Amino acid sequence: MKDNSIDSNLMSIFNSIAQNFYQDLIHPPAEQLGIALGQMASAVRITTLPFAIAGYTADSLLNKYKTFLDSTFQKVPRENLTIPDPAVSVPVLQKVPQVFDKDDLCELFSNLLASASDKSKSDKAHPAFAEIIAQMDSLEAHIMSGFEDNAFLPFMACDISIAPDEDLPLYAVEAFCLISGHENDYANVSAGLINLQRLGLIRKSPPLVRPNEDDPFQKIYDSDVFASIRELQQKFEKEYLQLEHGKITVKEGSFTPTIFGHKFLSTCL
């Protein structure tokens with residue numbers, strides 16, 4: 001039988017603090033956190049064991065929780081504060097210690113909890129989002145943040161297939177996008193895009209181009225990632241070669257957020 005003591009204690013931690021915020025909005029967040037500190041300290045010590053592997057002591061974990069919650073509640077206008085659904089708050093508190101040393105992922109958890117505690121946004125805070133954040137890395141968070149200012153993200157891919165199994169590529173360049181700071185990091189960018197699709201946050205769409213913008217697909221094709229494809233195509237063109245059985249297919253497209261992805265963006269970023 002599953003031991004639910006950790007979940008129960010985490011719920012106790014959060015409810016104690018959330019009730020104080022909800023019932024008395026006069027005192028600043030730090031003072032309200034202080035009111036619940038004693039109870040929180042006891043609860044955290046009970047739940048310390050799962051995090052000991054990460055090198056946290058009960059006291060250090062307590063301080064990180066305090067900083068996290070203080071920062072989170074300050075994001076919510078006082079008049080909008082509400083007690084969030086435990087289906088959201090408990091998974092956040094359970095999973096956030098795993099990324100206390102990763103500011104970008106910790107911020108996603110904080111924004112999710114803040115949205116769940118804001119009555120103007122709480123209906124968009126899906127219980128699955130905490131688990132989704134827990135399955136993301138910093139690069140994937142960076143990719144998702146790009147959709148805050150851009151409706152789509154151009155990508156290119158390439159398949160080299162041999163008949164009769166043209167649907168089973170002999171060689172392939174998975175979908176790749178030019179991500180700032182990761183222009184040559186093919187393996188991690190492509191893997192991140194696959195994971196974000198798996199999580200239901202983005203999907204492949206037809207190629208899209210912004211008005212008056214230089215061809216984004218040419219920029220991808222000119223990148224180091226596609227160097228081997230360029231060389232192969234140039235050799236074929238120069239020597240008038242072609243595959244006797246099969247073909248080289250360069251694909252263009254765009255990644256766009258799914259409806260679920262838009263909800264994620266509005267609550268977690």
Side-chain angles (χ1 to χ4, degrees), residues 2-78 80-119 121-122 124-138 140-141 264 267-269:
K2 181 181 177 181
D3 183 359
N4 293 320
S5 61
I6 293 175
D7 287 353
S8 297
N9 279 287
L10 287 171
M11 186 180 295
S12 175
I13 293 171
F14 185 81
N15 284 344
S16 173
I17 295 170
Q19 288 284 355
N20 284 328
F21 272 84
Y22 185 73
Q23 293 174 1
D24 185 355
L25 305 182
I26 297 176
H27 300 294
E31 184 174 343
Q32 284 298 327
L33 284 168
I35 293 173
L37 204 54
Q39 179 179 345
M40 186 175 175
S42 297
V44 168
R45 287 188 176 89
I46 293 173
T47 62
T48 297
L49 185 58
F51 308 116
I53 298 175
Y56 293 126
T57 64
D59 289 337
S60 66
L61 187 61
L62 174 60
N63 288 332
K64 289 181 180 294
Y65 266 126
K66 180 181 182 299
T67 300
F68 172 78
L69 292 170
D70 187 18
S71 171
T72 296
F73 280 113
Q74 290 192 48
K75 298 175 183 178
V76 185
R78 294 298 180 86
N80 287 351
L81 275 169
T82 187
I83 298 177
D85 185 347
V88 177
S89 61
V90 171
V92 167
L93 288 175
Q94 187 177 41
K95 296 178 184 303
V96 71
Q98 302 170 28
V99 297
F100 273 148
D101 60 340
K102 299 177 182 176
D103 291 344
D104 45 5
L105 297 176
C106 194
E107 184 69 7
L108 294 184
F109 279 119
S110 176
N111 291 338
L112 172 57
L113 185 55
S115 295
S117 304
D118 186 332
K119 60 187 177 185
K121 300 179 180 180
S122 58
K124 296 181 181 179
H126 197 282
F129 287 162
E131 181 61 38
I132 285 175
I133 296 170
Q135 296 184 49
M136 292 171 61
D137 64 16
S138 293
E140 290 156 10
F264 182 86
T267 55
C268 300
L269 281 92

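A quick note: this is a predicted structure, and the numbers were derived from the prediction, not measured.
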Euclidean distance, [Y] [atom2] relative to [X] [atom1], rounded to 0.5 Å:
X	Y	atom1	atom2	value
T267	L108	OG1	CG	9.5 Å
S122	N80	OG	CG	9.5 Å
D103	D101	CG	CG	8.5 Å
L81	D118	CG	CG	7.5 Å

[Y] and [X], any side-chain heavy atoms less than 4.5 Å apart:
X	Y	result
F73	L113	no
L93	L69	yes
T72	S117	no

- Task: Run through Q94, H126, K95 and flag the one making a side-chain contact (heavy atoms from CB on, under 4.5 Å) with E131.
- Result: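 Running side-chain contact (heavy atoms from CB on, under 4.5 Å) over Q94, H126, K95 with E131 returns exactly one hit, K95.
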Between [X] and [Y], which heavy-atom pair has the shortest distance, and what is it?
X	Y	result
V99	C106	O-CB, 3.6 Å
F100	F68	CE2-CB, 4.0 Å
S89	P86	OG-CA, 3.2 Å
L112	A130	CD2-N, 3.6 Å
A114	V76	O-CG2, 3.4 Å
A116	V88	CB-CG1, 3.8 Å

- Task: Identify, with sequence neighbours excluded, every residue that meets side-chain hydrogen bond (donor to acceptor under 3.5 Å, both in side chains) alongside D104.
- Result: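 So D104 forms a side-chain hydrogen bond (donor to acceptor under 3.5 Å, both in side chains) with S138.
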- Neighbour count >12 (heavy atoms, 6.0 Å) for atom NZ, K75: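 Yes, because the 6.0 Å sphere around NZ of K75 holds more than 12 heavy atoms from other groups.
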- Task: Without swapping roles, check the side chain of Q74 against the backbone of S71 for a donor-acceptor pair under 3.5 Å.
- Result: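 The answer is no, because no donor-acceptor pair under 3.5 Å joins these two groups.
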- Query: Would a distance-only check, ignoring hydrogens and angles, find a side-chain to backbone donor-acceptor pair under 3.5 Å from S115 to N111?
  - Reply: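 Between the backbone of N111 and the side chain of S115 there is a qualifying donor-acceptor contact (under 3.5 Å).
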- Start with the C-alpha gap between L269 and F264, add the side-chain angles, then the distance that decides, and say whether side chain to side chain contact (heavy atoms under 4.5 Å, CB included) holds. CA-CA 7 Å; L269 281 92; F264 182 86; 3.6 Å; yes
- Task: Go through F129 and V92 one step at a time and tell me if the side chain to side chain contact (heavy atoms under 4.5 Å, CB included) criterion holds.
- Result: CA-CA 9 Å; F129 287 162; V92 167; over 6 Å; no
